[in-house]
Amino acid sequence: MTQETHVLVIFPHPDDETFSSAGTLAQLSDAGVPITYACLTLGQMGRNLGNPPIATRESLPLIREKELEQAVKAIGISDLRKMGLRDKTVEFEPHDEMDKMVQTLIDETNPSTIISFYPGYAVHPDHEATAEAVVRTVGRLKPEDRPRLQLVAFSNDAIESLGEPDIVNDITAYKTRKYNAFKAHQSQTGPFLEQLANPNAHASGAPKEAESFLTTETFWTYQF
């Protein structure tokens, strides 16, 4: 793993950090690396309300905020920033305001690495808007001042278009930590948690794919 002085994590939704990076972040935390997580929204418009339901449309923002706090604690992140944007509207935020927010985070934390989404391969409009703001802002910095961009690509054509991931982290040793982070996000992860807990109880290949979330995390670096 690259020597890190501070890692800045920027994702738009509670649970983005868990699906993409919980094991890697737990590993960094155990190594004593300071981690700041800027979560742009509270996932107010998440489609799931729990299975069985544990939330209503009105209570979901508060529940997801508490879930985020519990997941971050399970991972080992001590600096959580709730940036106050609204779920499913990040794509409509003015670019200059998004970029200013990212630049302020960089100025405050002086990260050696930023973990976020890879533009064009992040699937969700809020993911893409976040990725684009990160790349735009870092791209304006002098090359010698740029933190490394360690980016997550979720789209099915990522490997075909980008090539094999630049970073493949074996997070098997952090399996329990990541599972506990998934468990914290219970309003959104119910059926997925069932697959993780009972990988042999299903006949399809889906459980194997779910299990891979607990053993491997992949990232691409961004070249300007």
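Values below: all heavy atoms of this structure, side chains included; hydrogens, waters and symmetry mates excluded.
In this structure a side-chain-to-backbone donor-acceptor pair under 3.5 Å is present from His127 to Ala122. In this structure, Ser155 contributes its side chain and Val123 its backbone to no donor-acceptor pair below 3.5 Å.
Under the 4.5 Å side-chain heavy-atom criterion for grouping Ile, Leu, Val, Met, Phe, Trp and Tyr, Val33 is connected to Val72 within one hydrophobic cluster. Linking ILVMFWY residues whenever their side-chain heavy atoms come closer than 4.5 Å, directly or via other members, places Leu8 and Val134 in the same cluster. Both Val152 and Tyr37 are assigned to one and the same hydrophobic cluster, defined by single-linkage of ILVMFWY side chains at heavy-atom distances under 4.5 Å.
Here the rule is side chain to side chain contact (heavy atoms under 4.5 Å, CB included) with Arg148, and of Val138, Thr221, Ile115 only Thr221 fits it. Of the residues Asp96, Asp99, Asp145, the one that meets the salt bridge (charged side-chain N to carboxylate O under 4.0 Å, His left out) test with Arg140 is Asp99.
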* To do: Check the pair Ser21, Glu217 against side chain to side chain donor-acceptor pair (under 3.5 Å), reporting the backbone distance first and the verdict last.
  => CA-CA 6 Å; Ser21 318; Glu217 290 172 348; 5.4 Å; no
* Are Arg177 and Asp30 close enough, and set up right, to give a salt bridge (charged side-chain N to carboxylate O under 4.0 Å, His left out), and what steps lead you there? -> CA-CA 11 Å; Arg177 292 265 285 278; Asp30 281 4; 3.3 Å; yes
* Hey, mind stepping through Glu93 and Leu85 against side chain to side chain contact (heavy atoms under 4.5 Å, CB included) and telling me if it holds? -> CA-CA 9 Å; Glu93 292 287 332; Leu85 302 186; 3.8 Å; yes
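Nearest heavy atoms, Leu193 versus Lys183: CD1-CA, 3.6 Å. Of all the heavy atoms in Cys39 and Pro14, the pair that sits closest is SG-N, 3.5 Å. A pairwise comparison of heavy atoms in Met98 and Ala129 identifies CE-O, 4.0 Å as the closest pair. Closest heavy-atom contact between Leu60 and Gln188: CD1-NE2, 4.0 Å. Annotation for Thr41 and Pro12: closest pair OG1-O, 2.8 Å, computed over non-hydrogen atoms.
By the side-chain contact (heavy atoms from CB on, under 4.5 Å) test, Asp79 is found to be paired with Thr36, Arg81, residues two or more places apart in sequence or in another chain being considered. Partners of Phe92 under the side-chain contact (heavy atoms from CB on, under 4.5 Å) rule, at least two apart in sequence or in another chain, are Thr89.
Ile167 places none of its side-chain heavy atoms less than 4.5 Å from the side chain of Trp220. Looking at Ile77 and Leu25, their side chains come closer than 4.5 Å, going by heavy atoms from C-beta outward. By the 4.5 Å heavy-atom criterion applied to side chains, Ile106 and Gln103 are counted as neighbours. Using a 4.5 Å heavy-atom cutoff, the side chains of Arg136 and Val102 are not in contact. Inter-residue side-chain proximity for Val7 and Val9 is flagged as met; some heavy-atom pair is nearer than 4.5 Å. For the pair Leu40/Thr130, a side-chain contact is recorded, criterion being any heavy-atom separation below 4.5 Å from C-beta on. Side-chain atoms of Asp166 and Phe219, non-hydrogen and from C-beta on, never get closer than 4.5 Å to each other. Counting heavy atoms from C-beta on, the side chains of Pro119 and Leu151 come closer than 4.5 Å.
Each side-chain hydrogen bond (donor to acceptor under 3.5 Å, both in side chains) pair with one or both residues in residues 116-126, not counting sequence neighbours, appears once here: His13-Asp126. Residue pairs meeting the ring pair (Phe, Tyr, Trp, His ring centres under 6.0 Å) criterion with at least one partner in residues 142-167, sequence neighbours excluded, are Phe117-Phe154. Pairs of residues two or more places apart, or lying in two chains, never qualify as salt bridge (charged side-chain N to carboxylate O under 4.0 Å, His left out) while including a residue from residues 18-29. The list of salt bridge (charged side-chain N to carboxylate O under 4.0 Å, His left out) pairs with a residue in residues 11-22, not counting sequence neighbours, reads Asp15-Arg64.
Below 30°, between 30° and 60°, or above 60°: for Phe19 and Phe192 the angle between ring planes is between 30° and 60°, a tilted geometry.
In this structure, Gln150 CD and Thr24 OG1 are separated by 6.5 Å, a value rounded to the nearest 0.5 Å.
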